[in-house]
Novice: 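Structure incoming, see below.
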Number of protein chains: 2
Amino acid sequence: MAAAPAVTTVFGALSDPTRLAIVERLLTEGEHSAGEIAAPFAISKPAISKHLRVLEEAGLIERRVARQWRVCRIRPEAIQVVDDWMQQYRRFWEGSFDRLEKLLAAREGEESDNGRPDK
Amino acid sequence: MAAAPAVTTVFGALSDPTRLAIVERLLTEGEHSAGEIAAPFAISKPAISKHLRVLEEAGLIERRVARQWRVCRIRPEAIQVVDDWMQQYRRFWEGSFDRLEKLLAAREGEESDNGRPDK
DNA sequence: CCATTATTTAATCAAATGGTTAATTTATTG
DNA sequence: CAATAAATTAACCATTTGATTAAATAATGG
């Protein structure tokens with residue numbers, strides 16, 4: 001059982017536009033070889049190869065050898081890690097929208113804000 | 001209207017453990033001053049200050065001045081950007097789990113896989 | 001086996017990142 | 001206004017990152 005990657009590691013892997021585009025393509029189109037993945041990009045093959053390694057080490061993709069190709073596919077478990085994080089904090093950030101509205105509304109009426117931070 | 005940050009920028013901001021911890025605390029506890037945010041960490045104040053700047057530039061927090069403090073709060077819009085991304089690709093990665101199961105199940109029976117990548 | 005195709009590894013480099021300490025700014029308070 | 005408190009900016013440094021080109025490895029096909 002591959003241990004679930006840390007959410008910061010997954011975030012880091014998805015923070016590069018090239019890697020995000022690779023992930024999006026594998027998500028929507030399924031498996032692709034390294035060469036197919038590299039094709040749309042202006043950067044070199046070795047650069048793509050290193051991005052694939054980062055994605056693999058973050059648990060976002062896995063590779064298998066098929067004839068002369070190394071084929072990549074998404075590991076949805078890693079994306080689940082992000083979804084779990086969102087889920088864990090959802091009520092807080094969804095609540096923030098409401099609190100923000102309330103705060104702005106309150107600011108309209110009274111102006112008795114001592115400005116001291118919480119705690 | 002602050003433009004919605006790019007999802008890669010938000011991922012980058014959340015990819016550092018210190019910054020993620022700051023975000024989690026602001027989410028669960030609400031507003032805090034820079035000093036209160038810095039307190040639990042072993043690193044210097046300036047280091048925290050720079051992390052707060054990264055979070056601000058990624059649209060994840062906003063700061064206001066209140067007496068001698070600079071108070072930070074979450075901007076849920078930035079987290080929404082991540083949620084939107086997840087939502088956009090949800091059916092694909094949730095589908096991947098099923099396809100993976102099916103693939104593994106199929107591999108049990110037949111073994112006629114030519115191994116050629118898609119396309 | 002030798003050539004070709006597919007991909008990675010090695011060596012290198014500039015720029016970005018995350019940290020430090022010292023100095024500066026900004027605001028409050030005696 | 002001088003002293004203190006809160007936070008940032010400046011200058012610096014080591015490490016990591018994202019890229020390159022050249023060389024090496026792996027698998028297929030003639």
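Here the structure is a predicted model, which means the values were calculated and not measured. The chains referred to below are lettered A, B, ... by the order of the sequence lines, with proteins before strands, and numbering in each begins at 1.
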Novice: Which residues pass the salt bridge (Lys or Arg N to Asp or Glu O under 4.0 Å) test with Arg90(A), sequence neighbours left out?
Specialist: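 Salt bridge (Lys or Arg N to Asp or Glu O under 4.0 Å) check on Arg90(A) returns Glu94(A), Asp83(B).
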
Novice: Name every donor-acceptor pair, under 3.5 Å, that has one atom in a side chain of residues 8-15 of chain B and the other anywhere in the protein, sequence neighbours excluded.
Specialist:
unit_1: Ser15(B); atom_1: OG; unit_2: Gly12(B); atom_2: O; d: 2.7

Novice: What pairs with Arg70(B) under side chain to side chain donor-acceptor pair (under 3.5 Å), at least two apart in sequence or on another chain?
Specialist: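 Here no residue qualifies.
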
Novice: Specify the closest pair of heavy atoms between Leu26(B) and Cys72(B), including all atoms of both residues, with the distance to one decimal.
Specialist: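 For Leu26(B) and Cys72(B), the tightest heavy-atom pair comes out as CD2-O, 3.8 Å.
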
Novice: Please list, by residue number, the residues of residues 51-59 of chain A whose heavy atoms come closer than 4.0 Å to an atom of DNA chain C; answer none if no residue qualifies.
Specialist: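 Within this stretch, Arg53(A) sit under 4.0 Å of the strand.
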
Novice: Compute the angle between the rotation axes at the two ends of the helix from dC1(C)-dG30(D) to dG30(C)-dC1(D), each taken over five pairs, rounded to 10 degrees.
Specialist: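 Rounded value for the end-axis angle: 10°.
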
Novice: Only distances under 3.5 Å count here; give the side-chain donor-acceptor pairs of residues 40-49 of chain A to other protein atoms, sequence neighbours excluded, each with its distance to 0.1 Å.
Specialist:
unit_1: Ser44(A); atom_1: OG; unit_2: Ala47(A); atom_2: N; d: 3.3

Novice: Can you see if the side chain of Ser49(A) gets near the phosphate of dT7(C) - specifically, an N or O under 4.0 Å from OP1 or OP2?
Specialist: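 No, no such contact exists.
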
Novice: Just jot down the side-chain contact (heavy atoms from CB on, under 4.5 Å) partners of Asp16(B), sequence neighbours excluded, or say none.
Specialist: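 Testing Asp16(B) for side-chain contact (heavy atoms from CB on, under 4.5 Å), a comparison that skips the adjacent residues, returns Thr18(B), Arg19(B), His51(B).
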
Novice: Is it true that a side-chain atom of Arg75(B) and a backbone atom of Gly59(B) form a donor plus acceptor pair closer than 3.5 Å?
Specialist: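 Checking the backbone N and O of Gly59(B) against the side chain of Arg75(B), a donor-acceptor pair under 3.5 Å is found.
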
Novice: Regarding Glu31(B) and Arg64(B), does a basic nitrogen lie under 4.0 Å from an acidic carboxylate oxygen?
Specialist: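 Salt bridge present between Glu31(B) and Arg64(B).
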
Novice: Mark up nucleotides 23-30 of chain C, 5' to 3', with B wherever a protein heavy atom is under 4.0 angstrom from a base atom, S wherever such an atom reaches only the sugar-phosphate, and - elsewhere.
Specialist: ----SSS-

Novice: Applying side-chain contact (heavy atoms from CB on, under 4.5 Å), can you list everything that pairs with Glu57(B), at least two apart in sequence or on another chain?
Specialist: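 Arg53(B).
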
Novice: For DNA chain D, what residues of residues 6-21 of chain A have any heavy atom nearer than 4.0 Å?
Specialist: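 Per residue number, the list reads Asp16(A), Arg19(A).
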
Novice: First and last nucleotide of DNA chain D touching chain B, 5' to 3', heavy-atom cut-off 4.0 Å?
Specialist: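 Extent of the interface on DNA chain D: dA6(D) to dT9(D).
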
Novice: Assuming nearest nucleotide by heavy-atom distance, tell me which of Ile43(A) and Arg63(B) is located more 5' along DNA chain D.
Specialist: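 This one resolves to Arg63(B).
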
Novice: Could I get the full list of salt bridge (Lys or Arg N to Asp or Glu O under 4.0 Å) partners for Glu24(B), not counting sequence neighbours?
Specialist: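 None.
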
Novice: Quickly work out the Glu36(A) CD to dA6(C) P distance and round it to whole Å.
Specialist: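 Nearest whole value for this atom pair: 10 Å.
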
